[in-house]
Amino acid sequence: MRAFAKYAEKGLTIAADGAWSVFRRINRVRPRSSFTPKWSDKPLLKSWQKSKPTLGWPRTTDSLCPKCVREARREILDGKRDVSVLLTEKVGEIKAQIIERDGQVWMVKDCPTHGHFEDMMAIDSKFLAHIETMFPGRDIPAHNDEKLHNHGSSTIKYGRGSVLTVDLTNRCNMMCDPCFMDANQVGFVHELSFDDVKEILDNAISIKPRRQLSVQFSGGEPTLSPCFLDAVRYAREVGYNSVQCATNGIEFAKMLSLQ
Ligand code: SF4
């Protein structure tokens, strides 16, 4: 009985593969127009309309010199260069080679000023090759975000993201050693006002195709922000499908202990 079920399952899989392949061919010869979802001004792409970047290796890619980037950041913060150079110049950009070496994948690059850099991209080249084969192709081209996302040569060109993370505050009621934000340990408080939060949420939700399916409030400890509850309420009001909170839970535990 088990063997029969196994063969039946195999047969169904082969039949479904065949039917899908025929359907795709017919659809390619007589394509139906794609529909335009409400979160986009342009129709969705058919699978064969999706382009792919050059994958595999060896290949040349765009990269950054880590030292040039640090120097440029310092000069901008010190007022020696205007921040607009990030839009008008290719600050720190260099070419890099992606190569396979001893079963691993490495990025190697040379900066004319700072010399040679190497970064490991994958400890298992076969696994990375497998991941690359699963790339479905580029998503719908970005539109409606020219002003918000003018990042020079790093401007986002395609598609959507998934989670918009908004750091409400760098304060925290803990002081963990490996804190990803150095919360409570930098000597200053950086906290968004409710107007700041509204502007971020309004801007993000106006982009087409809509990038963020959900919003995550983070920090520091987001529940310490005076506008935490207002921010959650506003995010739901303007249409984020889900609203998450990256919290250590202490404030919630305090509330529960009072009940
Ligand atoms: S933000 Fe998170 S990791 Fe950082 S101190 Fe607070 S609880 Fe710890």
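What you see is a predicted model; the values in this text were computed from it and never measured. Read the numbers this way: they start at 1 and go in the same order the structure lists the ligands and their atoms.
- For the pair E132 and R59, the salt-bridge criterion is met [side-chain N within less than 4.0 Å of a carboxylate O].
- Neighbours of atom 4 (Fe) of ligand 1 restricted to protein N, O or S atoms under 2.8 Å: the count is 1.
- Scored by the side chain to side chain contact (heavy atoms under 4.5 Å, CB included) test, W20 finds F23, R24 as partners (sequence neighbours excluded).
- Through ILVMFWY side-chain contacts below 4.5 Å, L87 is grouped with nothing and stands alone.
- Applying the side chain to side chain contact (heavy atoms under 4.5 Å, CB included) rule to D195 yields the partners S193, K198; only residues at least two apart in sequence or on another chain are considered.
- The pair E221-R171 fails the salt-bridge criterion, with no side-chain N (NZ, NE, NH1 or NH2) lying under 4.0 Å from an Asp/Glu carboxylate O.
- A salt bridge links K254 to E251: at least one charged side-chain nitrogen sits closer than 4.0 Å to a carboxylate oxygen.
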